[in-house]
Protein chains: 2
Amino acid sequence: MDATPGLDDLDLKIVAALQIDGRRSFSNLGEELGVPASSIRYRAKRLQDEGILQVVGIANPLAIGFDLLAIVGVRTSPGTARDVCAALSAMHESSYVVMTSGRFDVLVEVIARDIADMTDVLQNKIGSVPGVLSTESFFVLEVAKLAYGWGVPAIEGLAADSSAPGTPTAD
Amino acid sequence: MDATPGLDDLDLKIVAALQIDGRRSFSNLGEELGVPASSIRYRAKRLQDEGILQVVGIANPLAIGFDLLAIVGVRTSPGTARDVCAALSAMHESSYVVMTSGRFDVLVEVIARDIADMTDVLQNKIGSVPGVLSTESFFVLEVAKLAYGWGVPAIEGLAADSSAPGTPTAD
DNA sequence: AATGAAATTTAAACCAT
DNA sequence: ATGGTTTAAATTTCATT
């Protein structure tokens with residue numbers, strides 16, 4: 001599902017609006033954009049169906065008992081990167097999986113409750129995915145920026161949390 | 001900002017449900033959880049007001065005209081990592097900035113419209129931040145998973161509607 | 001804090017263009 | 001793909017415990 005060459009201006013405005021408030025009513029948005037609500041709904045559904053947009057709740061992991069975040073660089077044997085991505089994506093401990101060029105073939109963000117949990121993921125789970133040759137972990141000490149909206153001005157940061165994040169905000 | 005003392009079981013179920021489908025109706029969720037819709041609403045509002053939860057739209061950047069995504073590993077001179085993070089966070093081309101331990105002191109996700117844009121960011125902008133010693137770029141070839149729902153593997157009896165984006169994958 | 005119930009707004013399905 | 005119409009559903013507000 002390769003996406004979508006062309007999103008028009010209205011699509012982008014809908015995306016931008018929902019990036020700011022994912023529960024905004026389509027009627028309300030339609031009024032602002034001067035388009036009927038049914039059109040907004042049609043577009044929004046299509047965007048979601050095509051995987052371009054998703055509306056989700058984002059919880060501050062630190063507020064719900066997840067204290068460890070790490071980025072893991074993975075090297076894979078030739079030709080397996082995509083399968084490795086799929087396997088890593090299926091793990092509920094991963095929140096971000098991308099295939100890359102460079103020293104690593106895959107980068108994964110892993111979130112865990114504690115050291116034991118993280119160790120298990122790193123050692124047993126990721127290590128046992130076929131095609132994985134090696135891993136290198138980068139523990140996240142502080143989150144400085146977490147922007148979910150691309151191309152939109154600003155979104156309030158993920159809350160506040162005492163411990164780590166400096167100031168998670170969009171620019 | 002301080003700790004979130006207590007999220008009870010119901011709070012966590014609400015968070016979990018919204019992580020799966022941010023637009024799910026509170027009535028529908030209330031039915032499933034055996035709680036009145038008004039209670040769900042009350043809780044959800046509180047969670048949002050306290051910054052524990054936010055419902056947002058997330059777009060696949062590659063689908064909305066930002067064709068280049070890269071993760072950049074940055075090494076910094078001792079003691080400057082936090083300042084470097086701040087400087088990188090201020091760039092609108094960055095969408096994710098974290099301070100890490102390991103080979104890199106800082107990891108940044110950079111999003112750009114084209115090669116020229118990316119080159120400018122890499123060479124001129126990041127390169128000129130005081131404290132930056134070196135950078136190593138990982139270009140994102142494919143986005144396999146973009147999930148902002150942490151820690152909700154499966155709560156029994158919590159079913160998303162058929163159409164809901166279960167484990168959102170974008171590519 | 002949590003619930004219930006009414007009035008209002010919104011969404012989903014359908015259909016015509 | 002759009003815009004309108006209708007019906008069912010959801011949200012908001014306010015009252016109640």
Side-chain angles (χ1 to χ4, degrees), chain A residues 1-60 63-64 156 159, chain B residues 1-60 63-65 149 155 157-166 168:
Chain A
M1 105 181 12
D2 214 79
T4 335
L7 297 189
D8 65 14
D9 190 55
L10 181 57
D11 288 321
L12 292 176
K13 281 179 176 162
I14 292 169
V15 168
L18 293 178
Q19 281 177 331
I20 293 165
D21 177 6
R23 285 187 83 95
R24 179 153 185 198
S25 87
F26 295 151
S27 322
N28 176 286
L29 183 53
E31 276 176 30
E32 179 170 316
L33 299 178
V35 193
S38 46
S39 300
I40 303 285
R41 186 166 300 107
Y42 181 89
R43 300 292 193 106
K45 184 177 188 311
R46 191 179 63 84
L47 290 168
Q48 286 183 278
D49 288 347
E50 295 185 1
I52 295 164
L53 175 73
Q54 51 179 135
V55 178
V56 297
I58 296 172
N60 180 344
I64 59 175
E156 261 98 327
Chain B
M1 336 222 130
D2 41 317
T4 312
L7 294 192
D8 65 15
D9 190 56
L10 181 57
D11 288 322
L12 292 176
K13 281 179 175 163
I14 293 169
V15 168
L18 293 178
Q19 281 178 330
I20 292 165
D21 177 5
R23 285 186 82 94
R24 180 155 187 194
S25 84
F26 295 151
S27 318
N28 175 288
L29 183 54
E31 275 176 30
E32 182 169 316
L33 298 178
V35 181
S38 42
S39 300
I40 303 284
R41 183 176 313 287
Y42 181 89
R43 299 291 194 107
K45 183 177 188 313
R46 190 180 62 86
L47 290 169
Q48 288 184 277
D49 289 346
E50 294 184 2
I52 295 163
L53 175 73
Q54 59 181 138
V55 178
V56 298
I58 296 174
N60 179 345
I64 59 172
I155 289 187
L158 226 183
D161 305 48
S162 48
S163 61

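By convention in this document, chain letters (A, B, ...) are assigned in the order of the sequence lines, proteins followed by strands, and residues within each chain are numbered from 1. All values below come from the heavy atoms of this structure, side chains included, with hydrogens, waters and symmetry mates left out. From a predicted model like this one, the values you see are computed outputs, not experimental measurements.
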Given DNA chain D, 5'-ward residue of the pair A:V35 and B:F26, judged by closest heavy atom: A:V35

B:L18 CG to D:dA10 C1': how many Å, rounded? 14 Å

How close do B:K13 and B:L33 get, heavy atom to heavy atom, and via which atoms? CD-CD2, 3.8 Å

Winner on side-chain proximity to B:R41, out of C:dA11, D:dA1, D:dT12, is D:dT12

Take the protein atom CG of A:N28 and the nucleotide atom C1' of C:dT9, then report the distance between them rounded to whole Å. 11 Å

Whole-Å distance, A:I40 CD1 to D:dT2 C1', equals 11 Å

Rounded to the nearest Å, what distance is computed from the CG atom of residue A:D49 to the C1' atom of nucleotide C:dA12? 14 Å

Using modelled atom types and a 3.5 Å cut-off, is there a donor and acceptor pairing between side-chain atoms of A:R23 and backbone atoms of B:R24? yes

Could you please name the option among D:dT2, D:dA10, C:dT10 that lies closest to any side-chain atom of A:Y42? D:dT2

Closest nucleotide among C:dA11, C:dT3, D:dA1 to the B:R23 side chain: C:dA11

Separation of B:K45 atom NZ from D:dT12 atom P, in whole Å? 10 Å

Over how many whole Å does the gap from B:D8 atom CG to C:dA1 atom C1' extend? 12 Å

B:L7 and B:D11 have their tightest heavy-atom pair at CA-OD2, 3.6 Å

Between A:Q48 (CD) and C:dA11 (P), how many Å, whole number? 12 Å

Hey, is the side chain of B:S25 poking within less than 4.0 Å of OP1 or OP2 on D:dA10, counting only N and O atoms? yes

Audit row: B:D8, B:R43, side chain to side chain contact (heavy atoms under 4.5 Å, CB included) steps and yes/no: CA-CA 10 Å; B:D8 65 15; B:R43 299 291 194 107; 2.9 Å; yes

Can you tell me if the side-chain N/O atoms of B:S27 get under 4.0 Å from OP1 or OP2 in D:dT11? yes

Interatomic distance, B:R46 CZ vs C:dT3 P [rounded to whole Å]: 13 Å

Any side-chain N or O of A:R43 below 4.0 angstrom from OP1/OP2 of D:dA1? no

So which of B:L29, B:L10, B:I14 actually passes side chain to side chain contact (heavy atoms under 4.5 Å, CB included) with B:V35? B:L10

